[in-house]
Amino acid sequence: MVYEIEVPSKSHTQFIDITFKIREIVNKSGIVNGICCVYVPHTTAGVTINENADPDVVDDMIMELNKVVPFEDRYKHMEGNSAAHIKASLMGLSKNIIINEGQLMLGTWQGIYFTEFDGPRHRKVYIKIIKG
Ligand code: ZN
């Protein structure tokens with residue numbers, strides 16, 4: 001079984017904390033020990049795990065990503081969103097999180113972020129939970 005969550009982004013570049021939604025799905029699955037695979041089926045958005053205590057961390061990550069991959073450059077892709085494609089690949093499109101005794105084994109300060117780079121759009125995330 002594959003679970004799916006809807007993630008509506010509200011701005012062009014946005015990190016959306018989806019930790020709570022993933023926890024809900026893990027609880028709903030009834031799987032107590034295993035792996036939770038979070039997969040983003042898009043080419044201009046990704047997923048990352050990082051600090052969710054201080055929102056300044058996300059702002060700093062976005063600021064630096066925009067320096068490393070500027071919006072305007074001599075990109076060839078006619079759609080004009082090459083920066084978003086590159087940032088999505090830098091973040092990656094999936095993350096695996098261990099489930100132990102019913103809990104995601106995230107660190108105290110870790111959260112799971114859907115990373116939008118070409119919003120606002122209506123996005124989705126697939127979640128597969130494997131018992132083991
Ligand atoms: Zn494109």
Side-chain angles (χ1 to χ4, degrees):
M1 179 177 186
V2 176
Y3 296 91
E4 184 178 326
I5 58 171
E6 308 288 319
V7 184
S9 62
K10 294 186 172 67
S11 51
H12 181 272
T13 304
Q14 185 182 6
F15 281 33
I16 301 168
D17 191 338
I18 56 170
T19 314
F20 179 75
K21 287 180 175 179
I22 305 297
R23 281 205 173 103
E24 271 185 349
I25 287 168
V26 170
N27 290 340
K28 198 164 75 176
S29 77
I31 291 174
V32 177
N33 292 293
I35 295 284
C36 174
C37 176
V38 179
Y39 183 80
V40 173
H42 301 290
T43 62
T44 54
V47 61
T48 194
I49 296 174
N50 215 302
E51 175 163 337
N52 68 353
D54 180 1
D56 287 344
V57 172
V58 161
D59 289 346
D60 288 346
M61 287 177 75
I62 291 171
M63 179 177 74
E64 292 306 304
L65 280 168
N66 288 340
K67 283 186 201 168
V68 174
V69 187
F71 291 105
E72 300 295 332
D73 209 334
R74 290 183 297 164
Y75 300 121
K76 292 167 78 175
H77 179 46
M78 291 300 287
E79 198 186 6
N81 61 353
S82 279
H85 288 294
I86 294 163
K87 287 169 190 163
S89 278
L90 285 175
M91 293 295 99
L93 300 179
S94 71
K95 290 285 176 280
N96 291 318
I97 305 118
I98 299 166
I99 303 165
N100 186 53
E101 296 178 355
Q103 302 296 317
L104 288 172
M105 286 191 81
L106 291 169
T108 307
W109 311 112
Q110 285 183 321
I112 306 163
Y113 286 96
F114 177 88
T115 58
E116 175 65 79
F117 297 111
D118 198 19
R121 290 190 193 216
H122 196 79
R123 303 290 204 172
K124 60 189 174 186
V125 174
Y126 296 139
I127 297 107
K128 177 76 180 178
I129 299 175
I130 303 152
K131 194 175 176 180

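Indexing begins at 1, ligand by ligand and atom by atom, following the structure's order.
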(request) Check whether the side chains of Thr44 and Arg123 place a donor and an acceptor atom closer than 3.5 Å, and report yes or no. (result) yes
(request) Show all protein N/O/S atoms under 2.8 Å from the Zn ion (ligand 1), or state that there are none. (result) His77 NE2, Glu79 OE1, Asn81 OD1, His85 NE2
(request) Drop me the distance from Ile112's CD1 to Leu106's CG, to the nearest 0.5 angstrom. (result) 5.0 Å
(request) Return the set of residues passing ring-ring contact (aromatic ring centres under 6.0 Å, His included) with Tyr126 (not counting sequence neighbours), or none when no residue passes. (result) none
(request) Indicate, with yes or no, if the rings of His12 and Phe71 have centres closer together than 6.0 Å. (result) yes
(request) Test Asn66 against Lys87 for side chain to side chain contact (heavy atoms under 4.5 Å, CB included), laying out the working first. (result) CA-CA 9 Å; Asn66 288 340; Lys87 287 169 190 163; 2.7 Å; yes
(message) Assess whether a salt bridge exists between Lys21 and Glu24, defined as any Lys/Arg side-chain N lying under 4.0 Å from an Asp/Glu carboxylate O.
(response) no
